[in-house]
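Here's the structure we're looking at; comments come further down.
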2 protein chains.
Amino acid sequence: MTDVFRNRPGYALRRAANAMMAELARRLATIDLRIAEASVLLLVNDRLDVTASEIGRTLDIQRANMVPLLGRLEDAGLIERRPIDGKSQAVLLTTKGQTRRAEADAITDTFEDELLQRIAPEHRDHLVPALGALWRAD
Amino acid sequence: MTDVFRNRPGYALRRAANAMMAELARRLATIDLRIAEASVLLLVNDRLDVTASEIGRTLDIQRANMVPLLGRLEDAGLIERRPIDGKSQAVLLTTKGQTRRAEADAITDTFEDELLQRIAPEHRDHLVPALGALWRAD
DNA sequence: ATGAGAATGCTATTGTCAATAACTATCCTG
DNA sequence: CAGGATAGTTATTGACAATAGCATTCTCAT
């Protein structure tokens, strides 16, 4: 079948993202994390007083979708919620969460290294800037 | 918040694909098509005797998921199914389907042009090859 | 020519991520 | 202190994808 879509940036983007996410999901499943959960863990460690809504804004996850996400992480004993004031709550990693975060970090790091290795050297360094332009324009 | 993910190819890929698909979905909605439906329409016109399973293989859509997809296109009067033998069936565009396909083609073409325009010239030509390497490796 | 295995189409269900709307309670600011 | 913004929540929906299982038909090697 003629590869009608070979040169279509939109289609290539969709397929590449799909393949990438499928593989990453498979790898993260070995430590019982979904992609969205792992990204939250990776983010949280960076600060000590991150609120749920702040995480949502950074990762572009709607407040409504943060609720079950954080709920699962809490049920798994990976995060704790601590009230900041009557309205906001800080999200922080438990000891178990820190361990899991380190594992997730290792998995995603090696995965992304491998991803880049698949790209011909002359294209490699252009990928992230090009993607950045697409994502931040929306 | 520190942008922990700024330089992560996996994350950038996910976000870019997401933003792209959201916008494309919005544009295709004006002609009552989902992204997956549009890609089938675009593909079908290219040949006259494409079978459902062949479409699925090309677009990486599982047989099980092709069923409702083609069902919707048929309900909308855009495609017809014609038995090839007792087992396979050809998918072909109705007149209405050809018109719709042309509209979808126009929308996706200008959309993808605009996408590329958002990327700095020095990165632009590297995007599709880089994505291709990621998608075809999986 | 036939019998085994592959291919096709289908049903039904599940999962992941995301979007929307509506609600409550709290906060911040003028 | 009143009004509007913000935080968290509930519930529902949608799009795309994956899995398992089933019936029929085709194909190919013996």
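Proteins get letters first, then strands, A, B, ... in listed order; numbering begins at 1 in each.
Hydrophobic clustering places A/Val44 together with B/Phe5 (ILVMFWY residues linked when any side-chain heavy atoms are closer than 4.5 Å, directly or through intermediates). Under the 4.5 Å side-chain heavy-atom criterion for Ile, Leu, Val, Met, Phe, Trp and Tyr, A/Ile84 and A/Leu73 are members of distinct hydrophobic clusters. Cluster annotation: A/Val128 is not connected to B/Leu13 through the hydrophobic network of ILVMFWY side chains, with a link wherever side-chain heavy atoms come within less than 4.5 Å.
Pairs engaging residues 34-43 of chain B under the side-chain hydrogen bond (donor to acceptor under 3.5 Å, both in side chains) rule: B/Glu37-B/Arg72 [sequence neighbours left out].
To the nearest 0.5 Å, the span separating CD on B/Glu103 from CG on B/Leu33 amounts to 8.5 Å.
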Trace of the side-chain contact (heavy atoms from CB on, under 4.5 Å) decision for B/Arg100 with B/Asp32: CA-CA 9 Å; B/Arg100 194 72 62 89; B/Asp32 255 301; 3.9 Å; yes

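Note: CG (A/Leu73) to C1' (D/dG8) measures 16 Å, nearest angstrom. The CD1-P distance, from A/Ile84 to C/dC27, rounds to 11 Å in whole Å. Rounded to a whole Å, the CE atom of A/Met20 is 14 Å from the P atom of D/dA17. Rounded to an integer number of Å, the gap from OH of B/Tyr11 to P of C/dC17 is 12 Å. Atom CG in A/Asp49 sits about 16 Å away from atom C1' in D/dA7, given to the nearest Å. Rounded to whole Å, the distance from CD on B/Glu37 to P on D/dG14 is 14 Å. Regarding B/Ile61, its CD1 atom lies at a distance of 16 Å from the P atom of D/dT19, rounded to whole Å. Atom P of nucleotide D/dA18 and atom CD1 of A/Ile35 are separated by 12 Å, given to the nearest angstrom.
A parallel orientation is assigned to the rings of B/His126 and A/His126, their planes being inclined by less than 30° (bins at 30° and 60°).
In this model, the phosphate group of D/dG14 is not approached by any side-chain N or O of B/Arg26 to a distance below 4.0 Å at OP1 or OP2. Phosphate contact (OP1/OP2 of C/dA18, side-chain N/O of B/Asn18, threshold under 4.0 Å): present. Here B/Arg14 reaches the OP1 or OP2 of C/dA18: one of its side-chain N or O atoms lies under 4.0 Å away. For the pair B/Gln62 and D/dA18, the criterion of a side-chain N or O lying under 4.0 Å from OP1 or OP2 is met.
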Go along nucleotides 1-15 of chain C 5' to 3' and tag each nucleotide: B for a protein heavy atom under 4.0 Å from its base, S when only backbone or sugar atoms are that close, - otherwise. ------BBBBBB---

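Each of A/Asp85 and A/Met21 was matched to the nucleotide of DNA chain C holding its nearest heavy atom; the match closer to the 5' end belongs to A/Met21.
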